[in-house]
**Q** 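Encoded as structure tokens, here's the structure I'll be asking about.
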Amino acid sequence: MVWRDSQPVQGLTREGEKTSYILTDSLMETDPHNLSLYMEVACNGLFGAGKGTMIAPPDPDKKFTLNKAELVVFNRDVHELLVDFEILLDMAKHLGEKNQRSFQALYIANQMVNLCDVTDSSTFPAAHQLASTFFSQRNGESQHTIHAMGHCHIDSAWLWPYEESIRKCARSWVTVVRLMEKNPGFTFTCSQAQQLEWVRNWYPGLYAQIQDFARKGQFIPVGGTWVEMDGNLPSGESMVRQFLQGQRFFQEQFGKLCTEFWLPDTFGYSAQLPQLMRGCGIWRFLTQKLSWSLVNTFPHHTFFWEGIDGSSVLAHFPPGDSYGMQGFVEEMLKTVNNNKDKGCVNHSVALFGFGDGGGGPTQKMLDRMKRMKDIDGLPRVQMSTPDQFFSVLERDGSQLYTWIGELFLELHNGTYTTQAQIKKGNRECERILHDVEVLSSLALAQKSAFPYPATKLQHLWRLLLLNQFHDVLPGTCIQLVAEDAMRYYEEIRGMGTLLLKEAVQSLFGKLLPAGSEAAESTLILNTLPWERTEVISRATPTGADTLALVKVCSMGYSVVKDSLTPPHPVRVVKQLDGSITMENGVIAAHLDSMGHVTSLRLVSSGRESVPEGSCANQFVIFDDIPLYWDAWDVMDYHLETRKPVKTLVKPLEITLAGGLRGSVRFSLQISEKSIITQEVILDSMCPYLRFLTQVEWNEAHKFLKVEFPVQARSMNATYEIQFGHLQRPTHWNTSWDWARFEVWSHKWMDLSEHGFGVALLNDSKYGASVHGNTMSLSLLRAPKSPDTTADMGHHQFTYAVMPHLGSFQEAGVIRYAYCLNFPLHAMPAVSVQCPAWSAFCVSSPAVVLETIKQAEDRPGVLVARLYESHGSTVVTWLQTCFPVKEAIICDLLERADPTSHLPLEELGVKLSFTPFQVISVLLVFG
């Protein structure tokens, strides 16, 4: 980057066709004839510094050399002629032999060659005039209109660390500012509030110029989110916070909210996004990534996208299938010819500018499109804005089709599993921030003087949101980025733990031992909105751990001195053949010596879950060699290489014989370098069998999964997504079906027939599949690009299998998955007679109280966010022990609806839900 007078003035990137800086447009005799420039150089290219290929790990020994630096006088006439020739020749080439206009273009180009003498610059104007006359021949009124917008997709981290992205933003945007100074009609779209915040902090002079051009309508903030996040893996609440933090930033810094969600380069799009967009003031959506699908071609470029709750947004995929065009004739023709909605739509978007690694538009791109503004034979190309484009669609969109459900990318399925530690950190930190907010909110509601840690929580949330960028959370980044991500998770864990302690001290200080005071009881905290009865581990006065069966109120606490007596103690019995049975009165399991579950019965009905002759909890390993995108892809042909893990290292042995908990342990050898050690746990009164798994993983291009064949038959399996669930086929009838051979899910998936089913729960995994009656959970991959160390080392995770009668909704699968992910908090307490206490609860089992937090702009006011989880229409009561003075419906940006003041009744606040609806309520306390 070039610096002048202590300010950045120009970005230079060879691959981005920016190799010059204009010292002056015209040097007058009276102007200074000397100046000082400083060059800031980053030792990487536009796409990092990979060794051999773009996605290879960085080469630390890679050298960059400055080969030439010279002062030149720019010849505008030559530049104009070259652009003229390029457009004419491209028209001749790409319009085709049957198009008269292509011959006319070739004829004009030939005349220009005959007229132009490269040794005589006086011949240039006449040649240029020939081209200008040709370009002035206009289109008919029916011609397709392309809305061109400058764009510079910058990955917040990918083949370079976060720190380098800050410099990429500055280099790219200072170049955009220079272009705007010379091209008043040039418009540029810029997403990702985080990147603008970086520039605001590190380059305040440049940021002031950006704000100035934003006021002029040239520099256009878009997207509404903190970063361009992954569209599959973040939780529902994380997605809300992406919009909340992003929209608040754009409102504060640029004076308005974004109306379009801008996510051109992520690896699929959750079916809950339309509702979240609508709730954050957004009703328009732009992406192009589905053009990468390997199997099926998506049938539309402009359509309405409807989510699982029925919310709908207007969606557009630029038909040129790119967010980094360069203004070539071929790209404009593809935009028209590739349009899947001809007849319905006569407008489309073309995003131009070097992207991914930054760079952005160039003057030459602008000059190309100026010539194509209205040429007979080509589509109209006009500089435009997202609002202008979508406004046209909204006026003429009555005939558009509607797509219902997820936008599934049929590629990059490996991103649901790669870099397991990053994914585990994400799930853990989502839980930590949830618990801190819940307990801090309770402390605030109990004592209005409690200092709610809003600033610290915003900082932690922004770290988590940054790590949800679509090349970080999916695991498609270099080692430096993975290390940064893990450091951010550690910061969230560390500060989150301190904030949790502060809230607990405020809430329960009188119950906690002070100094040498003896702790004779245990304080149990439940941050989930339903009563729980579970086995916990707690410390005794001697410091040893012991088990206790405890009951805790909904979103509240209990002080426990003695364990409850289980109605049916856990029994663990070893058989003569080395197998082991485990039973707790709810379920009964039989495991062979290798840890396979050969039987899993519901005790009350005797219903068997495992088909005869089959083994559940079967570890399997696959060869995993994608065609190119190593960390991104798992190809369908990997399924042909399935190998069960069969080498037993330590046979099954009992580690806890029963009572409140029974457990067994075994070890399997995956290879000479990798080993699995697993503890299978059954707790009293618990409806699922839990598998605490540790893996030493040192493989190359292998894929580890665990399989559960189950005795249930259905054409569809159900998978949890953000604030809800959806179904996907268990068969491969069509190409659309088998393209989903590997899918994503959150805390649970379920395969049910009428009256019976089996659910798989997990605490940190996302990749999954159900084919026929076999449920598979994807555990670990071992790609080598762009990070050779990806997933190597020690891993610990938990999954669980839960057979059930009735539907998964009736059986409480959703709640049990939450319980697995949000363990009870247990801490020493003094021996005080203290009644159990519940702060919040919800009357309907279909409704989940997901979030309690302080409102962003109203200190002391809480936001309660709830969603309908069963897919039903339901009425419920939100109840709290705190004195509520006012309850008001608000949107996801916490803007109150003045027409939606809720009556305060004896049973609480009455709320009506439609399937999968998300509702937020502002609670003002008296």
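Counting from 1, the numbers follow the sequence of the chain as shown.
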**Q** Measuring only between side-chain heavy atoms, which start at C-beta, is I282 closer than 4.5 Å to F243?
**A** yes
**Q** Sequence neighbours excluded, which residues qualify as side chain to side chain donor-acceptor pair (under 3.5 Å) partners of T914?
**A** Q917
**Q** Whether the side chain of S156 engages the backbone of F469 through a donor-acceptor N/O pair (distance < 3.5 Å, no angle test) should be reported.
**A** no
**Q** Tell me yes or no: between the side chains of Q253 and Y207, is some donor less than 3.5 Å from an acceptor?
**A** yes
**Q** Would you call R278-D891 a salt bridge at under 4.0 Å N-O?
**A** no
**Q** Are Q245 and F250 packed together at the side-chain level, in the sense that at least one heavy-atom pair is separated by less than 4.5 angstrom?
**A** no
**Q** Quick check: does any side chain N or O of Q809 sit under 3.5 Å from a backbone N or O of H870, one acting as donor and the other as acceptor?
**A** yes
**Q** If you apply the rule side chain to side chain donor-acceptor pair (under 3.5 Å), what do you find for T402 with E306, and how did you get there?
**A** CA-CA 7 Å; T402 296; E306 184 177 306; 5.4 Å; no
**Q** W173 ring centre to R200 NZ or CZ under 6.0 Å, with the angle to the axis within 45°?
**A** no
**Q** Is it true that H901 and E886 share a donor-acceptor pair across their side chains at a distance under 3.5 Å?
**A** yes
**Q** Can you tell me if N821 uses its side chain to pair, donor with acceptor, with the backbone of A817 under 3.5 Å?
**A** yes
**Q** Side-chain contact test, heavy atoms from C-beta onward, threshold under 4.5 Å: evaluate it for T527 versus L439 and give yes or no.
**A** yes
**Q** Would you list the pairs meeting ring pair (Phe, Tyr, Trp, His ring centres under 6.0 Å) in which at least one residue belongs to residues 843-865, sequence neighbours left out?
**A** none
**Q** Are any side-chain N or O atoms of W403 and backbone N or O atoms of E406, one a donor and one an acceptor, separated by less than 3.5 Å?
**A** yes
**Q** Please check if any side-chain donor atom of Y867 sits under 3.5 Å from a side-chain acceptor atom of Q722, or the reverse.
**A** no
**Q** So that I know where these two stand, are F317 and H300 an aromatic pair - ring centroids less than 6.0 Å apart?
**A** no
**Q** I'd like to check Q242 versus Q468 (side-chain heavy atoms, cut-off strictly below 4.5 Å). Are they in contact?
**A** yes
**Q** Do L314 and L393 have side chains that approach each other closer than 4.5 Å (heavy atoms only, starting at C-beta)?
**A** yes
**Q** Please find out if less than 6.0 Å separates the ring center of W262 from that of H151.
**A** yes
**Q** Atom NZ of residue position K424 - does it have more than 12 heavy atoms of other residues, nucleotides or ligands inside 6.0 Å?
**A** yes
**Q** Does some side-chain heavy atom of R895 sit less than 4.5 Å from a side-chain heavy atom of L257?
**A** yes
**Q** Please confirm whether the backbone N or O of S807 pairs with a side-chain atom of E810, one donor and one acceptor, at under 3.5 Å?
**A** yes
**Q** Can you confirm whether the side chains of H746 and N762 place a donor and an acceptor under 3.5 Å from each other?
**A** no
**Q** Given 3.5 Å as the limit, does a donor-acceptor pair link the side chain of Q854 with the main chain of P859, or not?
**A** no
**Q** Would you check, one step at a time, whether the test side chain to side chain donor-acceptor pair (under 3.5 Å) holds for Q388 with S384?
**A** CA-CA 6 Å; Q388 290 171 0; S384 187; 3.1 Å; yes
**Q** Say whether, by atom type as modelled, one donor and one acceptor occur between the side chain of N526 and the main chain of W530 under 3.5 angstrom.
**A** yes
**Q** Verify the ring-centre separation between F267 and Y416: is it less than 6.0 angstrom?
**A** no
**Q** List in chain and number order the residues that pass ring pair (Phe, Tyr, Trp, His ring centres under 6.0 Å) with Y162, two or more places apart in sequence or in another chain; answer none if no residue qualifies.
**A** Y488
**Q** Describe, in one word, how the ring planes of H725 and F808 are oriented to each other, choosing from parallel (under 30°), tilted (30 to 60°) and perpendicular (over 60°).
**A** perpendicular
**Q** Considering residues at least two apart in sequence or located in another chain, which fulfil the salt bridge (charged side-chain N to carboxylate O under 4.0 Å, His left out) criterion with E894?
**A** K853
**Q** Side-chain contact, heavy-atom cut-off 4.5 Å: I919 with R865?
**A** no
**Q** In terms of heavy-atom contacts, does OH of Y719 have more than 12 from other residues, nucleotides or ligands at under 6.0 Å?
**A** yes
**Q** Determine whether V813 and L761 satisfy the following criterion, side-chain contact (heavy atoms from CB on, under 4.5 Å), listing intermediate values before the conclusion.
**A** CA-CA 8 Å; V813 165; L761 323 178; 4.1 Å; yes
**Q** My understanding is that only residues two or more places apart in sequence, or in another chain, count here; which of them pass salt bridge (charged side-chain N to carboxylate O under 4.0 Å, His left out) with K423?
**A** none
**Q** Could you check F304, F285, F389 and say which one makes a ring pair (Phe, Tyr, Trp, His ring centres under 6.0 Å) with H316?
**A** F389
**Q** Once salt bridge (charged side-chain N to carboxylate O under 4.0 Å, His left out) is applied, do any residues pair with R493, and if so which ones, sequence neighbours excluded?
**A** E428, E490
**Q** Quick one: sort the F882 and W837 rings into parallel, tilted or perpendicular, breaks at 30° and 60°.
**A** perpendicular
**Q** Verify whether the ring centers belonging to Y557 and F508 lie closer than 6.0 Å.
**A** yes
**Q** When you measure from the centre of the six-membered ring of F213, is the NZ or CZ of K216 under 6.0 Å away and within 45° of the axis?
**A** yes
**Q** Is there a side chain to side chain donor-acceptor pair (under 3.5 Å) between S506 and E502 once you walk through the steps?
**A** CA-CA 6 Å; S506 176; E502 291 173 4; over 6 Å; no
**Q** Applying side chain to side chain donor-acceptor pair (under 3.5 Å), run through Q275 and Q272 and close with a yes or a no.
**A** CA-CA 6 Å; Q275 179 178 194; Q272 189 58 279; 2.7 Å; yes
**Q** Test side-chain contact (heavy atoms from CB on, under 4.5 Å) on L407 and L273 and set out the steps.
**A** CA-CA 10 Å; L407 297 173; L273 274 168; over 6 Å; no
**Q** Give a yes or no answer on whether the side chain of E260 reaches the backbone of R284 with a donor-acceptor pair at less than 3.5 Å.
**A** no
**Q** Please lay out, stage by stage, how K747 and D763 fare under the test salt bridge (Lys or Arg N to Asp or Glu O under 4.0 Å).
**A** CA-CA 6 Å; K747 297 185 292 293; D763 72 347; over 6 Å; no
**Q** Could you tell me whether a side-chain N or O of N426 sits under 3.5 Å from a main-chain N or O of I422, the two making a donor and an acceptor?
**A** no
**Q** Within a strict 4.5 Å, meaning less than it, do heavy atoms of the W748 and I814 side chains meet?
**A** yes
**Q** For G231, is there any backbone N or O sitting under 3.5 Å from a side-chain donor or acceptor partner on T266?
**A** yes
**Q** Establish, from distance only, whether the side-chain atoms of T385 and D387 form a donor-acceptor pair under 3.5 Å.
**A** no
**Q** Looking at Y766, I'd like to know if the NZ or CZ of R427 sits under 6.0 Å from its six-membered ring centre while staying within 45 degrees of the ring's axis.
**A** yes
